[in-house]
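To start, the structure under review is shown below, and the notes come after it.
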2 protein chains.
Amino acid sequence: MKHSEHRAFSCNKGGHQICIAEAVQVAESLCRQRKQRFTSIRRRVLELVWHQHKPIGAYQVLEALQQEGRAAPPTVYRALDFLQQMGLVHRIASLNAYVGCAHPGAPHDGQFLICESCKALAELDAAEISNAIEQSADRSGFKPHRQTVEIMGLCPRCR
Amino acid sequence: MKHSEHRAFSCNKGGHQICIAEAVQVAESLCRQRKQRFTSIRRRVLELVWHQHKPIGAYQVLEALQQEGRAAPPTVYRALDFLQQMGLVHRIASLNAYVGCAHPGAPHDGQFLICESCKALAELDAAEISNAIEQSADRSGFKPHRQTVEIMGLCPRCR
DNA sequence: ATGATAATGTTATATTATAACGTTTCAATT
DNA sequence: AATTGAAACGTTATAATATAACATTATCAT
């Protein structure tokens with residue numbers, strides 16, 4: 001089944017992709033477990049981050065919040081920081097943007113495939129890549145701690 | 001010779017590391033080959049980027065330039081853009097900072113090891129990593145084009 | 001109910017980067 | 001040497017991203 005190979009970019013059906021309602025449920029559950037408050041702002045920001053399956057900028061989130069009432073940058077950044085600490089959201093450094101974590105539960109650095117054409121993003125968690133990184137680092141006497149891996153290119157639909 | 005394994009973080013002797021004067025010479029030569037102008041601003045910015053073997057921010061470069069005369073942000077960003085296009089400087093997305101390219105000649109995306117303690121940076125060009133990325137991307141039907149790989153951790157001296 | 005802690009509101013500002021437009025420099029040709 | 005067209009640079013303003021600092025409110029454990 002060829003399509004299954006592309007599930008990194010698909011959503012909902014048949015995969016481990018978590019969509020907006022599911023993402024919120026998982027978040028709620030994880031926060032409860034960890035005795036952290038999943039406040040309405042945090043929930044709303046998580047929803048907005050998941051709203052498109054593309055990275056979203058902090059100020060785009062802010063705009064959306066402002067249409068529902070007052071809000072200022074710190075509100076957004078605090079919520080995003082919290083969600084990142086909970087491992088529910090990743091920051092994409094090369095885009096200054098944020099995306100919902102596809103594999104929450106255990107905090108981790110993801111690896112990201114980002115389509116230069118349609119801006120869609122898929123999160124990988126390829127041990128193959130992590131291992132290659134770890135081994136190469138080791139050979140330089142370097143002890144890796146955190147990795148940023150962001151691959152720009154063309155997604156299956158756009159290539 | 002254990003130290004040779006660590007040459008990614010060393011400088012000058014016995015390795016392919018290029019230090020400030022060498023970097024300028026190589027740059028001069030490459031620009032001449034490509035019929036590009038290696039102006040005094042571009043030279044000076046390249047020197048400043050190489051001055052420490054650590055990533056440097058655009059505004060730090062600016063400050064240095066301003067101590068030698070007038071300068072404004074566009075001056076720095078233009079020079080940095082040019083140097084990046086020539087493959088002489090890399091931008092480190094996770095730091096919003098710039099670093100001299102250790103392997104100029106053919107433009108490429110490097111992979112970077114960044115020490116969280118002393119801020120030293122080493123550039124890798126590990127085929128092992130690129131291959132792992134390419135294969136993982138392939139399996140998702142993704143055609144990679146450009147990669148950002150930035151590993152934070154502890155360098156040999158600080159670990 | 002009370003007090004401690006965490007979360008949020010609010011204002012201001014820091015940091016990084018680019019837009020827009022006029023001027024200068026440079027090198028190729030006349 | 002003068003001309004000219006393109007590239008580089010100067011300058012001012014502003015955009016885009018992110019944080020500092022401090023007052024206020026909400027929540028939880030007692």
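Quick note on labels: first sequence line is chain A, next is B, and so on, each numbered from 1.
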- Item | Atom-to-atom span, CD of B:Gln66 to P of D:dG10 - whole angstrom | 12 Å
- Message: Judged by each residue's nearest nucleotide on DNA chain D, which is more toward the 5′ side, A:Asp81 or B:Gln36?
- Response: B:Gln36
- Over 12 foreign heavy atoms within 6.0 Å of CD, A:Gln66: yes
- Query: Whole Å only: how far is the CD atom of A:Gln85 from the C1' atom of C:dA6?
  - Reply: 13 Å
- Item | Stepwise ring-ring contact (aromatic ring centres under 6.0 Å, His included) check, B:His90 with B:His108 | CA-CA 9 Å; B:His90 293 288; B:His108 60 280; 5.0 Å; yes
- Task: Look at atom CZ of A:Arg34 and say whether more than 12 heavy atoms of other residues, nucleotides or ligands are closer to it than 6.0 Å.
- Result: yes
- B:Arg91 has an atom CZ; how far is it from atom P of C:dT16, in whole Å? 10 Å
- Message: From CD1 of A:Ile56 over to P of D:dT17, roughly how many Å is that when rounded to an integer?
- Response: 11 Å
- Contact under 4.0 Å: A:Tyr77 side-chain N or O vs D:dA18 OP1/OP2: yes
- Query: Just how far, in rounded Å, is P of D:dA18 from CG of B:Leu95?
  - Reply: 14 Å
- Under 4.0 Å protein heavy-atom contacts per nucleotide of nucleotides 8-14 of chain C, with B for base, S for backbone only and - for none: BBBB---
- Can you tell me the distance, in whole Å, between the CG atom of B:Leu83 and the C1' atom of D:dA8? 13 Å
- Item | Euclidean distance, atom CG of residue A:Leu62 to atom C1' of D:dA15 [Å, nearest integer] | 15 Å
- Task: Taking atom CZ of B:Arg146 as the centre, report whether more than 12 heavy atoms of other residues, nucleotides or ligands fall under 6.0 Å from it.
- Result: no
- Item | Upstream residue (5' side of DNA chain C) when B:Gly57 and A:Phe82 are each assigned their closest nucleotide | A:Phe82
- Query: Is it the case that B:Arg42 places NZ or CZ above or below the six-membered ring of B:Phe82, under 6.0 angstrom from the centre and within 45 degrees of the axis?
  - Reply: yes
- Query: Do other residues, nucleotides or ligands put more than 12 heavy atoms under 6.0 Å from the CD atom of B:Gln25?
  - Reply: no
- May I have the distance from B:Asn96 (atom CG) to D:dA16 (atom C1'), rounded to whole angstrom? 12 Å
- Message: Base, sugar-phosphate or nothing for A:Tyr98? Non-hydrogen atoms, less than 4.0 Å.
- Response: sugar-phosphate
- Message: Does this structure show an ion pair linking B:Glu128 with A:Arg139, if we count only N-O contacts that are shorter than 4.0 Å?
- Response: yes
